[in-house]
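Each remark here refers to the structure printed beneath this line.
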Amino acid sequence: MVDPFALADHPQPELPTAAPPAFTCLDGLNEAQREAVEATDGPVLVLAGAGTGKTRVLTARLAHILSTGRARPWQILAVTFTNKAAREMRERVASILNTSVEGWWVGTFHAIGARMLRQNAERLGLRREFTILDVDDQLRLMKQLLEAANIDAKRSPAKLFLALIGRWKDRGLTPAQVTAAEGAAAGDGVALKLYAAYQERLKLLNACDFGDLLLHNLTLFREDEECLAKYQRQFRYLLVDEYQDTNVAQYLWLRALAQQHHNICCVGDDDQSIYSWRGAEVGNILRFERDFPGAKVIRLELNYRSTPHILAAASGLIAHNKSRLGKTLWTPLAEGERVTVRGAWDGEDEARSVCEEIEDLRKAGHALNSMAILVRAGFQTREFEERLVTIGMPYRMVGGVRFYERQEIRDAIAYFRVVVQPDDDLAFERILNVPKRGLGTASLRSLHMLARRDGRSLVAAATALVATDELRPQARAAVSRLINDLARWHGQLDTLAHPEVARLVLEESGYVEMWQRDRSPDAAGRLENLKELVGALAEFDSMAGFLEHVSLVMDNDEAAADDKVTLMTVHAAKGLEFETVFLPGWEEGIFPNQRALEEGGGAALEEERRLAYVGLTRARKRAIVSYAARRLVYGSWQSANISRFVTEMPNENVTHYAPRGLVTGRPARHGGLGLGQDFGLAAGSRQGAPRWSRPPLLEGKAERVAARPRPQQDFTPGQRVFHQKFGYGEVKAVDGETLTIAFEKAGTKTVIYSFVKAA
DNA sequence: AATATATGCGTTTTT
DNA sequence: CGCATATATT
């Protein structure tokens, strides 16, 4: 089989020095941008305000370092958060220098982390072909752990523990590094125990989750100085995009790598830090000068995107935040329109007015592609979708279910994973009974038990199990057929083209047929998606290479070919720009949202404000903020107060329209109070007595799931034994791990070693 | 294994 | 209110 990792990391000494003259890289840059490009040595922080040409600087800097011969491509490490940004950087630099990008260390934190990890996997107790888990896998694994530990998954859902573990990983903490106090505090100490167990299981599965891709690197750096030193020497120049979004683990990782050459350049904007809830630390960017002594700070403040009114409104708004480094954005553009603020009676009214304005703009000759509706939260899109559909306005929803997150795609990928790597238990579990093969929880439990006892994979356990009479004949046949199929497909990877193998897998497994028989309206679409998936496979060298890609590249670049209005969250809009931006729902409780208001402390509110700032600064020419006086939420009407963010924009940059008689800013008579009461009542009435659910069954499960040492005794013919299903019997023959036993009641059966006890 | 019923939840999600 | 998930039922 082709090894996709074999060639990945060798330096390519042939790559370019023959580059165009250096001035190409500096052409057309303003003074600050040029400074940021030319300050190659030592730590540099580039504070790049919204729309100040950050990407240009980043690519120009990379090109500059290469074309002046300061470093070879593999001596530069350039990290981003999104694949899109990484791709863009690679393509632009490649085009400036007119060269190929093979072997470059330009990629997302996760992709680069995975690459380093593959190079050193054995040192961390992993094999190089470790798999990268997706969210479904993580959840399945955690649920198993909860069951084994006899924890009520209802009171403490798997998601919650995964979130806690994720946050620990964001902070660069292995289970051993979490302080005792903090460990004891999180879920009564259960979370930390689960974290340790989870990591154990991952190692056994030869798998990593996303957090591990960096966390393991940190462990590696700590435990293997030589390895760290090697990377430190290799990377003469480090480039970091969106530095305000880095978490502690990423910060530690970067700091470790920069220790040799100290040439680290971080680009970011503290005012656009909107991912703290994902572990991002604004503190990283605020502390840069202390973390990297002698750092040069360059501010990019010349904005080429928005008109003065929009820029001033956004600047005035963000000035209300306390913890920021501070920038003064200005623009050479002509004055333009003020920011519009529009009041509406209710949510429907608001959607109508926004859509009317879109209609008007279109009639005036504006492309729908130049307009976007940016909402705070997903549920707000519904009203707009309804309205847009009603009036027949074409629109594009960004951020729904992504291609690789669709059920059929994940199922298919799970098949591919098991075919490439039979030991991938989580993938195997996913496909075991998809399509239905009559293999339910009972069969799975048998497999699990055997695998766990003998410390081997499910496929290996299944192979052993089908040689016996342990399973019901029907189940036995089904498992037998599946593992035979898997083995055959695995073998075909050597003889057939991998897209062909993929096609065979999907056909012969019955998976395609399953959807063909499905009567639901989206079945046809799913079949289309499967075709597309097989098509996409052809673009990779091997199936394993493809799987590496899909686990790291979850983005889904929609072809923006047709003219449509874009509808998405403000978060999703970061980094984008539109001529006209609609910002609906600027009400207290929605934007800023309720949780941020309740959280107190002010940090959450400041992040909401940054989010509002991001929203406003997406607009080139027109920003239309709106709010509704009342809104239907969960079936009941709620009055709302106008968002503080509206009033925080300077008056002289805003034009406020509201229908005559619209009352806003009303004290909380029906408003906030009503909401609180509603929730309070609901919560109270739902606090019924806990139901004590079937203790015997739970105990029984836990008993059986718990790992037990493999029986170390040997069996000899003639010996009297006990089998949990077939009862007492006498051993007739021993063949490796299978025994033939004449049972007193059940007759002669072939059974597996580990299910038999000496009587 | 498929279907009915109960229950709980409701912010953002770059990989 | 409406959706997704978990559990009960046949």
Side-chain angles (χ1 to χ4, degrees), chain A residues 79-86 107-114 132-135 138-139 143 152-155 157-159 163 166 169-170 208-214 241-242 244-247 249-250 272-280 374-382 398-402 404-405 433 435-442 549-556 568-576 585 589-599 604 607-608 610-612 614-615 632-638 675 678-679 682-683 685-688 691 693-694 697:
Chain A
V79 278
T80 62
F81 277 87
T82 65
N83 289 294
K84 193 177 159 206
T108 61
F109 276 100
H110 296 274
I112 303 263
I132 299 167
L133 303 192
D134 65 28
V135 188
Q138 287 180 279
L139 217 50
K143 280 178 183 166
D152 183 6
K154 214 168 191 176
R155 268 193 56 200
K159 273 185 188 167
K169 289 185 177 182
D170 287 339
C208 284
D209 66 14
F210 273 107
D212 286 337
L213 295 177
L214 274 152
D241 191 16
E242 306 277 22
Q244 78 282 351
D245 287 338
T246 51
N247 61 32
Q250 287 155 343
Q272 292 187 67
S273 164
I274 54 175
Y275 282 105
S276 75
W277 48 276
R278 273 284 243 118
L374 308 182
V375 296
R376 168 69 250 260
F379 69 84
Q380 293 174 263
T381 58
R382 219 184 69 185
V398 175
V401 188
R402 287 173 292 189
Y404 289 119
E405 282 171 2
N433 201 33
K436 299 261 188 304
R437 300 186 171 88
L439 299 171
T441 44
H549 173 84
V550 295
S551 53
L552 290 171
V553 180
M554 299 296 284
D555 70 350
N556 184 19
M568 63 179 152
T569 64
V570 184
H571 278 96
K574 198 177 90 166
L576 305 178
I590 291 189
F591 201 2
N593 81 3
Q594 198 58 35
R595 294 213 185 171
L597 291 173
E598 282 162 7
E599 205 167 294
E607 181 146 322
E608 292 287 301
R610 290 193 292 267
L611 193 55
V614 167
L632 199 54
V633 181
Y634 305 145
S636 61
W637 283 100
Q638 266 180 224
L675 180 69
D678 230 337
F679 281 166
S685 65
R686 279 172 200 171
Q687 279 170 5
R691 284 179 306 123
S693 48
R694 311 149 305 148
L697 183 62

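So you know, we letter chains A, B, ... as the sequences are listed, proteins then strands, and number each from 1. Everything quoted here is computed from the prediction, not taken from an experiment.
Atom CZ of A:Phe591 and atom P of B:dT12 are 13 Å apart (whole Å). In this entry the distance linking CD1 of A:Ile590 with C1' of B:dG10 reads 13 Å, nearest Å. A:Ile274 has its CD1 atom 9 Å from the P atom of B:dT13, to the nearest Å. Summarising the geometry, the separation between OH on A:Tyr404 and P on B:dT14 is reported as 15 Å, rounded to the nearest angstrom. Remark: C1' of B:dT11 and CG of A:Leu597 are 12 Å apart, rounded to the nearest angstrom. A straight line from NZ of A:Lys159 to C1' of B:dG8 spans 12 Å, rounded to a whole angstrom. Distance A:Glu608 CD to B:dT11 C1': 8 Å, rounded to the nearest Å. Rounded to whole Å, the distance from CD on A:Gln380 to P on C:dG2 is 18 Å.
With distances taken from any side-chain atom of A:Thr569 to the nucleotides B:dT12, B:dG10, B:dA1, the minimum falls on B:dT12. For A:Arg382, the listed nucleotide lying nearest its side chain is C:dG2; candidates were C:dC1, C:dG2, B:dT13. Which of B:dT14, B:dG10, B:dT15 sits closest to the side chain of A:Arg595 comes down to B:dG10. Considering only the side chain of A:Asn433, B:dA1 comes nearest among B:dT15, C:dA6, B:dA1. Of the candidates B:dT14, B:dA1, B:dT13, B:dT14 carries the atom nearest the A:Arg402 side chain, counting heavy atoms from C-beta on.
The aromatic ring of A:Phe379 is not stacked on the base of B:dT11, since the criterion of ring centres less than 5.5 Å apart with planes inclined by under 30° is not met. Both thresholds, 5.5 Å between centres and 30° between ring planes, are met by A:Phe81 relative to the base of B:dT14, so the two rings are stacked.
Considering every non-hydrogen atom in both A:Ser276 and A:Glu607, the closest pair reads OG-OE1, 2.8 Å. Looking at every heavy atom in both residues, A:His110 comes nearest to A:Leu213 through O-CD1, 3.7 Å. The two residues A:Ala86 and A:Gly107 come nearest to each other via the heavy atoms CB-CA, 3.8 Å. Closest approach of A:Val550 to A:Tyr404, counting heavy atoms only: CG1-CE2, 3.3 Å.
When the options A:Val375, A:Leu576, A:Thr381 are evaluated for a side-chain contact (heavy atoms from CB on, under 4.5 Å) with A:Met568, the one that passes is A:Leu576.
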Could I get a table of every N or O pair under 3.5 Å where one atom is in the protein and the other is in nucleotides 2-4 of chain B?
{"residue": "B:dA2", "atom": "OP2", "partner": "A:Lys436", "partner atom": "NZ", "Å": "3.4"}

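Side-chain atoms of A:Glu608 never come within 3.5 Å of backbone atoms of A:Ala596 as a donor-acceptor pair (strictly under, hydrogens ignored).
Donor-acceptor pairing under 3.5 Å, judged by distance alone, is present between the side chain of A:Arg278 and the base of B:dT15. Between the base of B:dT11 and the side chain of A:Arg376 there is a donor-acceptor pair shorter than 3.5 Å.
Using a 4.0 Å heavy-atom distance criterion, A:Tyr275 is classed as a base contact. No engagement by A:Asp170 is indicated, since no non-hydrogen atom pair under 4.0 Å with the nucleic acid exists. Residue contacts shown for A:Gly575 are absent, as no nucleic acid heavy atom lies under 4.0 Å away.
Checked against salt bridge (Lys or Arg N to Asp or Glu O under 4.0 Å), A:Arg278 has no partners two or more places apart in sequence or in another chain.
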Working note: A:Glu242 + A:Tyr275, criterion side-chain contact (heavy atoms from CB on, under 4.5 Å); need CA distance, chi angles, decisive distance, verdict.
CA-CA 11 Å; A:Glu242 306 277 22; A:Tyr275 282 105; over 6 Å; no

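Toward the 5′ end of DNA chain B lies the nearest nucleotide of A:Arg437, the other residue of the pair A:Arg437 and A:Ala572 mapping further downstream.
Here, C:dT5 and B:dT12 have their P atoms 15 Å apart, quoted to the whole Å. Here the separation of C:dA4 from B:dT11, taken at their P atoms, is 15 Å to the nearest Å.
OP1 or OP2 of B:dT15 sits under 4.0 Å from a side-chain N or O of A:Asn83.
Using a 30° and 60° split on the angle between ring planes, A:Trp277 and A:His571 fall in the perpendicular class, above 60°.
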